[in-house]
Protein chains: 2
Amino acid sequence: MTTYGQWCPVAMAAEVLTERWTPLIVRELLCDSTRFNDLRRGVPLMSPSLLSKRLETLRRVGVVARVGGEYRLTPAGEELRPIIELMGVWGRRWAMGDVEAKHHDAGLLMWDIHRNIVADRLLAATSR
Amino acid sequence: MTTYGQWCPVAMAAEVLTERWTPLIVRELLCDSTRFNDLRRGVPLMSPSLLSKRLETLRRVGVVARVGGEYRLTPAGEELRPIIELMGVWGRRWAMGDVEAKHHDAGLLMWDIHRNIVADRLLAATSR
DNA sequence: CCGTATCCCACTAGATACTG
DNA sequence: CAGTATCTAGTGGGATACGG
């Protein structure tokens with residue numbers, strides 16, 4: 001977790017949240033996955049060693065706590081919920097097929113189509 | 001921008017937002033920095049070539065548009081505002097000195113002290 | 001079931017210099 | 001002012017195999 005060298009709250013949050021896979025792990029934890037292999041099933045394309053490493057990082061920064069072999073969000077972790085939820089709202093609106101909601105701009109539409117194609121290809125590999 | 005291979009809105013948003021420096025660039029754009037060198041001043045530790053690359057990525061995914069030599073957020077970009085703002089709230093509460101607001105847990109407090117020390121060291125290098 | 005260890009390569013991003 | 005080019009070191013993370 002490299003720092004940004006800025007005394008800015010956004011940067012602080014970014015240091016925690018913008019590591020690869022981390023928002024998805026938090027999403028799983030918010031959905032009450034608590035065991036290692038539960039979490040794995042939520043991010044099946046992530047290697048177990050990396051998941052382990054991320055959970056350790058999250059523990060170190062105080063977002064996750066280990067309670068009796070379970071991973072649980074701390075209060076600080078729980079308060080990431082609105083951020084993850086808003087990310088979901090944004091992603092659905094702007095990166096997925098929620099075309100009705102957005103402006104019918106040609107550039108955006110092209111991007112949307114592109115993203116759908118990519119996603120379709122990947123859909124074969126995963127369930128969620 | 002590698003994908004997560006998940007048909008999940010959180011993952012879609014994460015693909016855009018969790019690249020290094022990106023949330024800070026969006027923060028600057030939300031504060032009405034529009035010129036390249038304005039943005040640079042906001043992220044002084046970032047190399048210009050990387051900033052250029054990030055802006056191009058943001059343009060490609062439809063978050064930023066170039067209007068007459070200026071970088072401006074699209075509607076999709078503008079709708080990232082609540083996410084960045086919440087990141088700021090979280091960062092201030094949990095990663096900076098807003099001790100009053102959090103539980104007086106020893107572990108968290110230690111972490112807070114640690115973070116402050118790190119930040120103090122970095123404060124010499126940057127203004128913001 | 002619950003992880004850790006190891007290997008290794010692609011790629012990221014930092015440094016620096018340079019140009020219109 | 002507004003970027004682009006180049007170069008390289010380091011590391012993040014994917015794959016795989018293994019141990020508690």
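Quantities reported herein were computed from a predicted structural model and do not represent experimental measurements. Chain naming here is simple, since letters A, B, ... match the order of the sequence lines and numbering starts at 1 in each.
- Rounded to whole Å, atom C1' of C/dG14 lies 12 Å from atom CZ of B/Arg54.
- Remark: C1' of D/dA2 and CZ of B/Arg59 are 16 Å apart, rounded to the nearest angstrom.
- The CG atom of B/Leu55 sits 15 Å away from the C1' atom of C/dA13 (whole-angstrom rounding).
- A/Tyr4 places no side-chain N or O within 3.5 Å of a backbone atom of A/Glu15 that could act as its donor or acceptor partner.
- In this structure, the CZ atom of A/Arg40 is 12 Å from the P atom of D/dA15, given to the nearest Å.
- Note: CG (A/Leu50) to P (C/dC7) measures 18 Å, nearest angstrom.
- OP1 or OP2 of D/dG14 has at least one side-chain nitrogen or oxygen of A/Arg20 nearer than 4.0 Å.
- Separating the NZ atom of B/Lys53 from the C1' atom of C/dG14 is a distance of 12 Å, rounded to the nearest angstrom.
- Taking side-chain N and O atoms only, A/Tyr71 has a distance below 4.0 Å to OP1 or OP2 of C/dG3.
- Each of B/Ser52 and B/Asn37 was assigned the nucleotide of DNA chain D with the nearest heavy atom; the assignment lying further toward the 5' end belongs to B/Asn37.
- You'll find that the side chain of A/Arg41 is closest to C/dC1, out of D/dG3, D/dC1, C/dC1.
- Closest contact between the side chain of B/Ser49 and the listed nucleotides D/dT6, D/dA17, D/dA2 involves D/dT6.
- Taking CZ of B/Arg40 as the reference point, atom OG of B/Ser47 lies at 8.0 Å (rounded to 0.5 Å).
- A salt bridge does not link A/Glu56 with A/Lys53: every distance from a Lys NZ or Arg NE/NH1/NH2 to an Asp or Glu carboxylate oxygen is 4.0 Å or more.
- Residue B/Arg66 places at least one side-chain N or O under 4.0 Å from the OP1 or OP2 atom of D/dG3.
- Taking atom CD1 on A/Ile25 and atom P on C/dG3, their separation rounds to 13 Å, with Å as the unit.
- Across the protein-nucleic acid pair, A/Leu39 atom CG and C/dG3 atom P stand 9 Å apart, rounded to whole Å.
- A donor-acceptor contact closer than 3.5 angstrom is absent between the side chains of B/Glu79 and A/Trp90.
- Note: the hydrophobic cluster containing A/Met87 also contains A/Leu30 (ILVMFWY, side chain heavy atoms under 4.5 Å, direct or indirect links).
- Here B/Arg35 lies in heavy-atom contact (under 4.0 Å) with sugar-phosphate atoms only.
- Across the P atoms, C/dC2 and D/dA17 are found 22 Å apart, a figure rounded to whole Å.
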